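Notes for the one structure printed next.
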Amino acid sequence: MNGQPSLVLRIGLPLGFGIAVLVLWELFVVTFDIPRAILPAPSEIWAAIQRSTEILWVDWVQTVLKGALTGLVIGAVAGFAAALAIDRVDFLRRGLLPVANFVAALPIVGVAPIMVMWFGFDWQSKAAVVVVMVFFPILVNTLAGLAATDRMQRDLMRTYSANHTQTLGKLRLPAAMPFIFNGLKISATLALIGAIVAEYFGSPTKGMGFRISTEVGRLGIDMVWAEIAVSALTGTVLYGFVVLIERWVTFWHPSQRRSR
Amino acid sequence: MQNAKPGDRPLSDPLSQDMTTPGAVISARGLSLTFQTNDGPVHALKDVSLDIKKGEFVSFIGPSGCGKTTFLRCMADLEHPTGGSITVNGVSAQEARKARAYGYVFQAAGLYPWRTIGGNIRLPLEIMGYSKADQAERVARVLELVELAGFEKKFPWQLSGGMQQRASIARALAFDADILLMDEPFGALDEIVRDHLNEQLLALWARTGKTIAFVTHSIPEAVYLSTKIVVMSPRPGRISDVIDSPLPKERPLEIRDTPEFIEIAHRVRDGLRAGHGYDD
Ligand SMILES: Nc1ncnc2c1ncn2[C@@H]1O[C@H](COP(=O)(O)OP(=O)(O)OP(=O)(O)O)[C@@H](O)[C@H]1O
Ligand SMILES: [Mg+2]
C-alpha cells in the first residue's frame, strides 16, 4: 500500500509475463505443428524482422513518422485551438460543436478514400485521416477540462478581478491538463490505427498498412506479423511517452501524486 | 447601539433606504438575497442594513445557514443581491472589486494544487502586476506572519489543513487592500494556534488600519477581536443584534477573563439563543 512498487517489479513483472507468453506461444506452435500461414512461431517472426529490417524501417518512417505523428500533432493542436475558441465564443459552441460531433461520427472507411482523392496517395492523405480521428477526442477533453474548475477557484480569480487570459493561463488551463492528457492518450492509439488502416485505401508501395495488405495476399504471414509486432511496440512506446509527459505536467493531480 | 428582542422586526434602517452613510466603508441598505432552488426559494438574507466604518473590526456570528457567507459574498460582489443596495468604498460592490479593494479569505483554503505555497501567495501579486522583487519580498513577509516560513516550496497537499488555511490567509494579506473579508479563517485551527493568529491579526489590524469583516462561530473569538459584533439569525437570514464593544483597542489575551469581556460574551450568547428561539 505505501509507496510505489520498486522499479524491478514495475518493469520486470510485465516483461516476465511477456516472455512467458512468447515461450508458451513458441512451444504451442512447435508441439502442435501449426501451419505457418495460420500462426508463425515468435522465432520465425523474429527472423522475418531481422531479414527485412530495411523494409520495416522504410514502412515505419512512412506510416508512423509521416502519417501518424504528423496527423497527431496537427489534429491535437487544431482540437486544442478549437476548444479555446469554442470556450471563448458561445456562438461557436452552438455552431461548431455539433459539426465536430458529426465529423467524429464519420466512419474511417468512408473518410480514408475521400482523403486520398483530396490529398493524393502519399502520406499527406493518411495524416489527414489521423487529423480527423484525433481532433474530436482532444476537443471534447479540452472543453471538459476547461470546465473542471470548482466555484471557489473561480471566485478567487474574480476577487482579484483577473481578466480572461489570466484566468485561462493561471487557473483553467492547469486544471484542464489531466483531461487534455486523457485525450492525448486516446489519440495516440487512434493515430496509429488510423494511419495504418488508411493505407488500405490507396498508398505508394511502402507503409505498414500497405505491407500488411499485400503480404497477406502473397501469404507472407511472417512479414505481416513482423509489421504487427513493430506497430504494437510503437504504440506502446508512444503511449508510454505521453504518460511520461503527463506525469511530469500533472504531478499535482491526486492520481499522479507520489509520496514525497 | 440597538438591540432587537426576540420577535422584533428585523433591524430597520434609521436613514432612508437608498442613502449611504458618509464615511462608511461598507454600507448595506435593506439588502436581500433569495436563492431560487429546486425546493423553492431560500431567503439567505432579508432586509439587512449595516454600516461598517473605516478601520472597524466587525465580526459576524450566527447559526449555520443564517447567511453570514452570503453577506460577505455580497460585499465581495461574488453574489448579486435580489433586493436593496450595498456600497463598498462609496461605490458599487462591483466597482470596488474591479478596483481590488479587498482581500477575501474563503471558508476553505482553496489553494491551487499545481502551485507551491509560495506560488499560491504570489498568484494575486502576479495578476495585479507587482514587480518580481516586490513579489518575493511580500511572499516572504506574509509567510513569516502566518509562521509558514520554510514551507514556500511545498505543495498545498503536503501541508495539514490548518497550514493550508494559514497559507490562504497569507495570500489575502500579500497585496495592499484596505478591506479584509474573512470567512471563518480560523475554523480549522487548534486553540493555541488560533489564539496566536488572533493576536497576530489584531496587531496587523492596529498596524495597517484595515477594515475587517470577519465571520466566526466562536463567541470568545468574536468578542476578543471585534469593535462591533453582528449577531445574525436564520430563515430568513437577518441581523438580530449589533453590539459595539467597549473593550479598549489594546487587547492582551488575558482580557478574556475580565468582567467586561464576559458581559459582552453573555449578550452575544443571548442574541444567538433569541435567534434560535424565533424559529422553534
Ligand atoms: N448558491 C446557493 N444556492 C442556493 N442556496 C444557497 C446558496 N448559497 C447559500 N445558500 C443557502 O443560503 C443560506 C445561507 O447560506 P450561507 O452559506 O450564507 O450560510 P452561513 O451563515 O455562512 O453558514 P455556515 O456557518 O454554515 O457557513 C443557506 O440556507 C444556504 O443553504
Ligand atoms: Mg459560511
Side-chain angles (χ1 to χ4, degrees), chain A residues 1-4 80 84 87-88 141-142 144-184 242-260, chain B residues 69-70 72-80 88 93-117 119-130 153-159 164 167-168 171-172 174-177 179-183:
Chain A
M1 271 316 274
N2 59 66
Q4 45 184 315
F80 180 73
L84 289 187
D87 175 72
R88 188 85 171 101
N141 277 285
T142 307
L146 288 174
T149 54
D150 63 48
R151 185 159 84 129
M152 199 198 302
Q153 293 179 323
R154 289 193 303 274
D155 281 347
L156 189 69
M157 280 296 179
R158 219 171 121 80
T159 67
Y160 301 149
S161 181
N163 61 34
H164 181 85
T165 318
Q166 288 169 330
T167 308
L168 192 67
K170 293 183 192 297
L171 168 60
R172 298 177 66 219
L173 277 181
M177 281 306 159
F179 290 78
I180 295 175
F181 275 98
N182 271 339
L184 276 175
V242 176
V243 169
L244 219 63
I245 306 178
E246 177 186 32
R247 223 168 254 179
W248 179 65
V249 174
T250 66
F251 67 94
W252 50 270
H253 195 258
S255 67
Q256 304 286 350
R257 278 178 212 161
R258 315 268 133 174
S259 44
R260 308 193 167 206
Chain B
T69 297
T70 307
L72 223 57
R73 288 175 62 84
C74 286
M75 299 176 193
D77 186 39
L78 296 174
E79 217 73 75
H80 299 294
V88 178
Q94 185 183 14
E95 283 170 277
R97 176 176 63 79
K98 295 235 162 97
R100 289 151 180 170
Y102 62 82
Y104 197 110
V105 180
F106 289 88
Q107 206 162 347
L111 301 167
Y112 291 180
W114 52 85
R115 281 180 170 248
T116 59
I117 295 300
N120 269 288
I121 297 172
R122 216 174 296 114
L123 179 71
L125 305 177
E126 288 171 9
I127 290 172
M128 298 178 189
Y130 286 79
K153 300 236 155 54
K154 291 276 184 211
F155 284 91
W157 74 84
Q158 300 170 316
L159 268 56
Q164 292 180 29
S168 86
R171 182 178 59 187
F175 56 98
D176 300 313
I179 304 172
L180 203 50
L181 307 175
M182 309 177 88
D183 194 352

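A note on names: the letters A, B, ... follow the listed sequences, proteins ahead of strands, and every chain is numbered from 1. Because the structure is predicted, anything quoted here is derived from the model rather than measured. Values reported hereafter were calculated over all heavy atoms of this structure, with side chains retained and with hydrogens, waters and symmetry mates removed.
Every residue was checked against the salt bridge (charged side-chain N to carboxylate O under 4.0 Å, His left out) condition with B/Arg171, not counting sequence neighbours, and none meets it.
Judged by distance alone, with hydrogens and angles left aside, the side-chain atoms of B/Arg97 form no donor-acceptor pair with the main-chain N or O of A/Thr159 at under 3.5 Å. With hydrogens and angles disregarded, no donor-acceptor distance shorter than 3.5 Å links the side chain of A/Arg158 to the backbone of B/Leu78. Put simply, the side chain of B/Tyr112 gets close to the backbone of A/Gln153: a donor and an acceptor are under 3.5 Å apart.
Taking CD from B/Gln107 and CE from A/Met152, the interatomic distance works out to 8.0 Å, rounded to the nearest 0.5 Å. One finds the OH atom of A/Tyr160 at 6.5 Å from the CE atom of B/Met128 (value rounded to the nearest 0.5 Å). Interatomic distance, OG of A/Ser161 versus CD of B/Glu95, reported as 11.5 Å (0.5 Å rounding). To the nearest 0.5 Å, the span separating CD1 on B/Ile127 from CG on A/Asn163 amounts to 8.5 Å. Taking CG of A/Leu156 as the reference point, atom CZ of B/Phe106 lies at 5.5 Å (rounded to 0.5 Å).
Ring geometry for B/Phe155 against A/Phe251 counts as perpendicular: the plane angle is over 60°, on a 0 to 90° scale with 30° as the lower cut.
The shortest heavy-atom contact between B/Trp114 and A/Pro174 is CE2-CB, 3.3 Å.
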Q) Can you list the steps and then say if B/Glu126 with A/Gln166 is a side chain to side chain contact (heavy atoms under 4.5 Å, CB included)? A) CA-CA 9 Å; B/Glu126 288 171 9; A/Gln166 288 169 330; over 6 Å; no
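Contact annotation for B/Glu79: only side-chain heavy atoms (C-beta onward) come within less than 4.5 Å of a heavy atom of chain A. Residue B/Ala172: no heavy atom, backbone or side chain, is found under 4.5 Å from chain A.
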